[in-house]
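One structure below.
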Amino acid sequence: MADRQFFVAVDNEQVGPIDLETVRAMARDGVIGPSTLVWSEGMADWAPLSSTPLRSVLEGIAAPPPMRAGAGAGGAFQAAAPQPAYAAAMASGGASAANAEGVTPGPILGIGFVDAVKRGLKQYATFQGRASRSEFWWFTLFSFLVGIFLGWIPFLGVILVLGLLIPGIAVGVRRLHDTDRTGWWYLIGFVPLIGFIVLLIFFIQASQPQHNRFG
């Protein structure tokens with residue numbers, strides 16, 4: 001297991017690939033814990049660290065001492081230690097900076113309803129990048145609810161429903177990217193019945209935890 005590469009979810013962002021020693025260091029520093037989702041080659045899906053062989057990295061880790069106010073203004077906490085070795089991995093594969101649209105790149109695992117809607121609307125016509133399974137289905141639910149409750153309103157309802165058509169297609173394309181499929185697969189949905197079933201299977205598949213050709 002020492003030679004395997006791992007991915008971990010920190011603040012709903014994937015970090016990796018990292019080696020076992022880096023995982024152990026992150027656990028020791030309290031960055032990850034028993035409930036942290038992890039994935040490695042050979043695993044069917046993400047799983048809590050405590051339910052995988054990686055739980056051994058938690059053994060013998062003592063609780064950190066209480067933090068004390070430093071000498072800075074207002075008694076703010078002062079960072080005395082240098083950045084850990086995994087800081088670069090977190091910067092590039094974890095909580096990365098938002099792009100020009102104000103959207104954090106890459107799929108966000110376990111995103112909530114409100115954040116998924118905001119993310120989908122901000123990326124109104126963005127057909128590049130990836131969208132996690134939760135992001136896609138939350139935005140799909142939002143579009144469905146808008147159609148049900150507002151679609152009957154003359155003119156306004158039609159405008160709203162049509163306005164969600166492009167971002168709905170865009171998030172669908174990004175969902176396909178998240179499974180390492182080209183967005184052109186979206187066109188199979190025009191094939192009666194079979195196309196819908198194929199797309200549904202693609203859309204319910206889990207995210208690829210590692211980086212792929214789409215991000």
Can a donor-acceptor pair be found, under 3.5 Å and without considering hydrogens, that links the side chain of W137 to the backbone of F203?
yes

Q128 side chain reached by Q123 side chain, heavy atoms, under 4.5 Å
no

When rounded to the nearest 0.5 Å, the distance separating CD1 of I148 from OG of S143 is 12.0 Å

Do P48 and T36 touch side chain to side chain, with heavy atoms closer than 4.5 Å?
no

In one Ile/Leu/Val/Met/Phe/Trp/Tyr side-chain cluster, 4.5 Å: L141, V161:
no

Is the backbone N or O of A47 less than 3.5 Å from a side-chain atom of S51, with the two atoms forming a donor-acceptor pair by type?
no

Between H177 and F214, is there a donor-acceptor pair closer than 3.5 Å when you use the side chain of the first and the backbone of the second?
no

Min side-chain heavy-atom separation V191-V198 under 4.5 Å:
no

What are the two closest heavy atoms between G120 and P167, and how far apart are they?
O-CB, 3.9 Å

Do F155 and F149 sit in the same hydrophobic cluster, where Ile, Leu, Val, Met, Phe, Trp and Tyr count as joined when their side-chain heavy atoms come under 4.5 Å apart?
no

How about F139 and L121: do any of their side-chain heavy atoms sit closer than 4.5 Å?
yes

T179 side, atom OG1; W185 side, atom CH2 - distance, nearest 0.5 Å:
10.0 Å

Would you say that V173 contacts F127 through its side chain, given a criterion of any heavy-atom pair below 4.5 Å between the two side chains?
yes

Spacing of L199 atom CG and L176 atom CG [to the nearest 0.5 Å]:
6.5 Å

I'd like to know if D178 and R133 make a salt bridge, using a cut-off of under 4.0 Å between side-chain N and carboxylate O.
no

With a 4.5 Å cut-off on side-chain heavy atoms, are V8 and L37 touching?
no

Salt-bridged, R174 to E135, with N to O below 4.0 Å?
yes

Hey, any chance I188 and W184 share a hydrophobic cluster, counting ILVMFWY side chains that come within less than 4.5 Å of each other, even indirectly?
no

Side chains of F6 and L20, heavy atoms from C-beta outward: is any pair under 4.5 Å?
yes

Same apolar cluster: L200 and F190, side chain cutoff 4.5 Å:
no

May I ask whether L162 and Y124 are part of the same hydrophobic cluster, defined by side-chain heavy atoms of I, L, V, M, F, W, Y residues being less than 4.5 angstrom apart, directly or through others?
no

Mark yes or no for whether S50, through its side chain, and S35, through its backbone, hold a donor-acceptor pair below 3.5 Å.
no

Closer than 3.5 angstrom, by distance alone: can the side chain of R175 be matched with the main-chain N or O of A131 as a donor-acceptor pair?
yes

Give, for atom CG of L164 and atom CG of L150, the distance between the pair rounded to the nearest 0.5 Å.
9.5 Å

Distance-only, no hydrogens or angles: does the T22 side chain make a donor-acceptor pair with backbone N or O of I18 under 3.5 Å?
no

Is the count of non-hydrogen atoms from other residues, nucleotides or ligands lying under 6.0 Å from F113 atom CZ greater than 12?
yes

Return yes when atom CG of L187 has more than 12 non-hydrogen atoms of other residues, nucleotides or ligands closer than 6.0 Å, and no otherwise.
yes

For the CD atom of E21 and the CZ atom of R28, what is their distance to the nearest 0.5 Å?
8.0 Å

Test your reading of the model: is there a side-chain donor-acceptor pair from W138 to the backbone of I111, 3.5 Å cut-off?
yes

Working to the nearest 0.5 Å, report the span between OG of S134 and CG of D115.
10.0 Å

